[in-house]
Amino acid sequence: MDWRFFEEKDLFWILKVSKDMYKESYLEEKGVEFNEDKVIQYFNFAVKKPDGFAIIAEDNDKPVGFLISDIAEYGVGHQKIARNLELYVVPEARGGTVGLMMMRNFIKWAEMNDATEIVFAPTANKQLNKFDAFAKRLGMKATAKVYKRFKHE
């Protein structure tokens, strides 16, 4: 299992698997429409962001997952917080260490860039139990609840 930084050639694969990721999240059931142009915009933002970390996991040169994250300063001080923005592993590659490998590399990168806090906020409801186990293996802990209100509820 290898990883590398995003490249322009990854865009079409990202578009394809983003549709699958969308279907596994809460977004579709809440009426958020999938928009390919928005995904392309988001991809280009991630690739070009100077304080971003965007990688592809590969198995035998075949993409099997991606992780997009960045580092920002707190609103009240100059300490840095590293935030995972997107993390996805294709279903056929799950059950192994793809997600864990990407998370470990993100954590290393965040620490090398002086992040004082590292945050993962998964959106794929169907994978939360597995994600929780990975996070605990990496020494992370759940620290807060998220409250939401949707327009049509």
Side-chain angles (χ1 to χ4, degrees), residues 1-8 10-11 13-15 17-30 32-35 37-58 63-90 93-94 96-151 153:
M1 188 68 52
D2 294 312
W3 70 274
R4 60 176 174 76
F5 291 105
F6 273 13
E7 298 173 8
E8 278 192 48
D10 298 315
L11 179 58
W13 181 79
I14 292 285
L15 274 172
V17 297
S18 289
K19 290 176 185 174
D20 297 331
M21 182 175 79
Y22 163 78
K23 290 176 182 174
E24 290 185 46
S25 75
Y26 64 87
L27 298 173
E28 184 176 40
E29 68 187 52
K30 296 301 177 191
V32 176
E33 294 180 32
F34 183 86
N35 183 296
D37 290 334
K38 182 72 174 186
V39 173
I40 292 168
Q41 238 179 350
Y42 192 62
F43 172 85
N44 287 322
F45 168 77
V47 169
K48 295 174 184 168
K49 195 167 189 205
D51 56 355
F53 183 75
I55 63 173
I56 297 283
E58 292 183 319
V64 293
F66 69 89
L67 180 144
I68 302 170
S69 54
D70 71 356
I71 289 182
E73 289 187 352
Y74 290 99
V76 298
H78 294 291
Q79 292 85 356
K80 296 177 183 179
I81 180 171
R83 307 169 297 186
N84 170 250
L85 304 172
E86 303 291 345
L87 172 65
Y88 187 72
V89 176
V90 297
R94 294 179 188 161
T97 60
V98 177
L100 192 59
M101 180 264 303
M102 289 191 295
M103 291 168 70
R104 281 188 176 133
N105 282 291
F106 168 58
I107 290 169
K108 285 179 193 173
W109 173 82
E111 290 172 345
M112 287 176 19
N113 284 279
D114 300 320
T116 58
E117 183 176 353
I118 299 169
V119 177
F120 284 93
T123 60
N125 293 343
K126 298 172 186 172
Q127 300 297 320
L128 287 180
N129 290 339
K130 290 178 183 178
F131 188 88
D132 189 49
F134 279 154
K136 286 178 182 173
R137 283 179 66 184
L138 294 169
M140 303 184 92
K141 62 182 178 177
T143 58
K145 292 183 179 181
V146 175
Y147 296 90
K148 296 179 183 182
R149 178 177 174 172
F150 294 95
K151 182 178 177 181
E153 289 182 355

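The chain is numbered in sequence order, starting from 1.
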### Query
Parallel, tilted or perpendicular for F66 and Y88, by the 30°/60° rule?
tilted
### Query
Looking only at atom types and distance, does a side-chain atom of T116 sit under 3.5 Å from a main-chain N or O of K80, one as donor and one as acceptor?
yes
### Query
Which pair of non-hydrogen atoms, one from L67 and one from N84, has the smallest distance, and what is that distance?
CG-ND2, 3.6 Å
### Query
Quick one: does D10's side chain have a donor or acceptor within less than 3.5 Å of a partner on E7's backbone?
yes
### Task
Classify the angle between the aromatic ring planes of W3 and F5 as parallel (below 30°), tilted (30 to 60°) or perpendicular (above 60°).
perpendicular
### Task
Test side chain to side chain contact (heavy atoms under 4.5 Å, CB included) on I71 and W109 and set out the steps.
CA-CA 10 Å; I71 289 182; W109 173 82; 3.5 Å; yes
### Task
Could you tell me which non-hydrogen atom of W13 sits nearest to which non-hydrogen atom of V90, and how far apart they are?
CZ2-CG1, 3.9 Å
### Message
If we check ring pair (Phe, Tyr, Trp, His ring centres under 6.0 Å) with F6, which of these qualifies: F45, F43, Y42, F53?
### Response
F43
### Summary
When every non-hydrogen atom of V89 is compared with those of M102, the smallest separation belongs to CG2-CE, 3.8 Å
### Task
Looking only at non-hydrogen atoms, find the nearest pair between I118 and F106 and report the distance.
CG2-CE2, 3.6 Å
### Task
Considering non-hydrogen atoms only, spot the tightest contact between D37 and N35 and give its length.
N-OD1, 2.9 Å
### Message
Could you check whether any side-chain N or O of N113 sits under 3.5 Å from a backbone N or O of A115, counting only pairs where one atom can act as donor and the other as acceptor?
### Response
no
### Verdict with reasoning, K49 to I68, per side chain to side chain contact (heavy atoms under 4.5 Å, CB included)
CA-CA 10 Å; K49 195 167 189 205; I68 302 170; over 6 Å; no
### Nearest non-hydrogen partners of M101 and A57, listed with the distance
CE-CB, 3.7 Å
